[in-house]
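These notes concern the structure reproduced below.
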Amino acid sequence: MAAKSDGAAVCESASRCLLGPEQSAAPLHPHAEKRFSLLDCCWVLCALLVFFSDGATDLWLAADYYLWRQYWWFGLTLVFVVVPSAVVQVLSFRWFVYDYSEMSASPTGDGCDFSTKDSDRRRTLPANGTRKCCRVCMWLFQSVIHILQIGQGWRYVHTLYLGVQNRWHSDPGHFYWRLMFESADINMLRLLEAFLKSAPQLVLQLSIMINSNHIMPLQGLSASASLVSLAWMIASYQKVLRDSRDDKLPMSYKAVIVQMLWHLFTIGARTIAFALFASVFQLYFGIFIVAHWCAMTFWIIQGETDFCMSKWEEIIYNMVVGIIYIFCWFNVKEGRARFRLGVYCCVTLVENVALTTAWYIHRGSHTLDFYALIVVCVVVCSYALGTFFMFVYYCLLHPDGPILGAQWSCVEEGMEVIGLGGVGDLGTPLPQPDVVTSPPRTLQRTNGGDREIGAGDRDSCLPVFQVRPPSVPPASSPRSSRTEGPVIRIDLPRKRYPAWDAHFIDRRLRKTILVLENTSPVTPRIQYQSFSNPKEVTEYETTV
């Protein structure tokens with residue numbers, strides 16, 4: 001599975017060979033040059049505030065229901081807080097156990113026993129007793145944090161710490177990978193929690209308000225916090241996705257805010273329509289939700305997504321995405337998504353109109369016509385505003401340019417074009433498809449008669465990747481003063497789709513990158529298989 005050359009490289013520098021002499025002076029890691037800014041810090045702090053506000057208002061409302069002896073509402077509100085939070089905490093702690101156990105297993109404490117050639121840097125290791133004490137303290141601290149259901153809060157704080165370290169470190173790329181990995185973890189956890197907790201909580205509280213024909217301030221506060229949490233996490237997920245990949249232009253905060261408003265109003269209209277219908281037709285509402293979920297899941301499966309290693313894992317993933325499609329649009333397949341987005345918007349518009357109309361016709365006599373008309377107008381105006389902000393995002397603020405512009409990527413005969421020769425927001429050349437410096441995707445799922453190669457197939461394959469140590473370009477190179485960092489060669493073409501494969505990177509390769517980031521003065525980078533240079537050979541390479 002893995003083949004290693006005898007050390008005779010075809011070209012002096014891999015980056016020069018792939019980019020060409022006229023582009024060899026381009027930075028090896030464009031995103032790594034970006035430092036953690038004040039806006040990034042404010043964004044993380046606001047995300048932390050949204051996280052605590054959503055949970056605190058729900059618990060406060062549950063306690064208020066209990067004091068008013070509304071035990072049924074108290075139980076439902078508390079269930080939608082405790083169960084999703086426990087599921088997310090278990091997943092978060094599982095990731096910590098995997099990452100920290102692997103780090104503690106190696107003699108260096110970094111989860112890897114190798115070191116790059118020409119690197120004499122060795123960290124002074126503390127005594128065994130001190131290391132054991134530190135590990136025990138870390139295990140206890142993480143256990144307490146997750147038992148208290150604030151694991152996500154701690155991850156936000158850790159993200160801020162890594163951002164400050166990236167800001168003040170002499171090398172802009174240092175702590176870049178750690179910051180991106182932590183951001184990926186927290187966004188995946190919060191996105192899951194938002195659709196397991198905030199979305200059903202929002203529908204529940206709106207149904208209670210409509211059924212009782214009375215709105216308490218705490219109910220409105222809890223529903224508003226849940227709605228903001230949903231819209232925030234969708235926009236935050238898209239931003240971190242683009243920030244972590246060098247084949248995509250980063251999303252500006254202006255675009256993030258507009259996308260958040262888009263989802264805020266569309267999800268608001270959707271949940272109000274759900275609550276109106278559920279307040280009159282409880283049984284039929286459950287049937288409608290199940291039918292919509294089944295239809296969306298089947299549609300996603302027909303789209304042939306390629307996220308997981310096996311067919312059944314892919315189906316489970318599509319079922320989870322089907323839950324998200326109950327409330328809002330979520331792109332799960334790379335390529336032109338305008339047709340799929342248009343179909344989804346039309347379907348949700350018809351459903352919202354049908355649900356609201358059914359409520360208006362069969363509403364109780366205690367609901368005045370004036371009040372009913374106001375509610376209907378709120379649904380219509382909210383959806384219209386959401387659609388307006390969606391067009392503003394795609395027509396003016398999309399990172400790849402206007403929806404009708406020439407910068408949009410296209411797919412021709414199955415080959416993906418990544419905007420060759422384009423210019424980014426700051427006038428820097430876009431990264432070429434030959435050299436991709438963001439984390440790789442996991443191995444492709446084979447089709448037809450090929451056997452699937454899984455992570456546990458150890459008897460039939462060698463390591464998945466190998467590392468080329470740092471080297472210094474010759475004096476004739478335009479970058480002779482810059483040391484080339486470690487290069488991890490992935491002999492697979494890059495797969496492009498919005499979802500992170502195993503949420504952003506395989507964790508085995510993740511720990512390797514973190515080791516290289518600590519042992520090398522230059523940020524490590526990733527190389528994928530090149531279609532234009534299929535026979536290019538570097539000092540170390542991996543073949544699948």
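Nothing here was measured: the structure is a model prediction, and the numbers come from that model.
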### Query
Got more than 12 heavy atoms from elsewhere within 6.0 Å of CZ, Phe298?
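Incorrect, the count does not exceed 12.
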
### Query
So with a 6.0 Å cut-off around CZ of Phe52, is the heavy-atom count from everything else above 12?
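Yes, because the 6.0 Å sphere around CZ of Phe52 holds more than 12 heavy atoms from other groups.
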
To the closest 0.5 Å, what do you measure between [atom1] ([X]) and [atom2] ([Y])?
X      : Y      : atom1 : atom2 : result
Phe80  : Gln205 : CZ    : CD    : 9.5 Å
Met188 : Trp95  : CE    : CH2   : 6.0 Å
Tyr156 : Ile186 : OH    : CD1   : 4.5 Å
Leu230 : Met260 : CG    : CE    : 12.5 Å
Met296 : Trp329 : CE    : CH2   : 10.0 Å
Ser252 : Ile257 : OG    : CD1   : 8.5 Å

With a 6.0 Å cut-off on ring centres, are [X] and [Y] close enough?
X      : Y      : value
Tyr284 : Phe277 : no
Tyr325 : Tyr344 : yes
Phe274 : Trp359 : no

Is it the case that the side chain of [X] and the backbone of [Y] share a donor-acceptor pair, with hydrogens and angles ignored and the cut-off at 3.5 Å?
X      : Y      : answer
Glu182 : Leu179 : no
Thr159 : Arg155 : yes
Ser207 : Val203 : yes
Lys239 : Met251 : yes
Asp243 : Val240 : no
Trp293 : Met319 : yes
Thr356 : Val353 : no
Arg190 : Met233 : no

Please tell me whether [X] and [Y] have a donor and an acceptor in their side chains that are separated by less than 3.5 angstrom.
X      : Y      : answer
Arg270 : Thr348 : no
Ser236 : Asn187 : yes
Thr77  : Asp58  : no
Gln201 : Ser226 : no
Gln152 : Glu193 : yes

### Query
Is it the case that Lys254 places NZ or CZ above or below the six-membered ring of Tyr393, under 6.0 angstrom from the centre and within 45 degrees of the axis?
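No, Lys254 does not lie over the aromatic ring of Tyr393.
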
### Task
Identify whether NZ of Lys or CZ of Arg in Arg178 sits under 6.0 Å from the centre of the six-membered ring of Tyr176 and within 45° of that ring's axis.
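Geometry flag: not set, cation outside 6.0 Å or 45°.
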
With a 4.5 Å limit on heavy-atom distance, are the side chains of [X] and [Y] in contact?
X      : Y      : answer
Cys41  : Phe36  : yes
Val380 : Cys377 : no
Leu276 : Val379 : yes
Ser279 : Arg363 : no
Phe195 : Leu191 : yes
Trp299 : Arg340 : yes
Leu206 : Leu202 : yes
Cys294 : Val290 : yes

Aromatic rings [X] and [Y]: how do their planes relate, parallel, tilted or perpendicular, breaks at 30° and 60°?
X      : Y      : result
Trp43  : Trp232 : parallel
Phe389 : Phe265 : parallel
His292 : Phe288 : tilted
Trp177 : Phe181 : tilted

Taking every non-hydrogen atom, the tightest pair across [X] and [Y]:
X      : Y      : answer
Gln149 : Ser85  : OE1-OG, 2.7 Å
His263 : Cys328 : ND1-CB, 4.3 Å
Leu192 : Leu91  : CD2-CD2, 3.9 Å
Pro200 : Leu196 : CG-O, 3.1 Å

### Query
After noting the C-alpha distance and the side-chain angles of Ser222 and Leu218, does the key distance pass the side-chain contact (heavy atoms from CB on, under 4.5 Å) rule?
CA-CA 6 Å; Ser222 175; Leu218 193 54; 5.7 Å; no

### Message
Between Phe391 and Trp262, is the side-chain contact (heavy atoms from CB on, under 4.5 Å) condition met? List the steps.
### Response
CA-CA 9 Å; Phe391 279 107; Trp262 159 24; over 6 Å; no

### Task
In sequence, state the C-alpha distance, the side-chain angles, and the governing distance for Arg167 and Asp40, and then conclude on side-chain contact (heavy atoms from CB on, under 4.5 Å).
CA-CA 11 Å; Arg167 174 72 179 178; Asp40 297 329; over 6 Å; no

### Query
Would Asp400 and Arg242 count as a side-chain contact (heavy atoms from CB on, under 4.5 Å) if you check the C-alpha gap in whole Å, the side-chain angles of each, and the deciding distance to 0.1 Å?
CA-CA 11 Å; Asp400 293 337; Arg242 285 189 164 270; 3.3 Å; yes

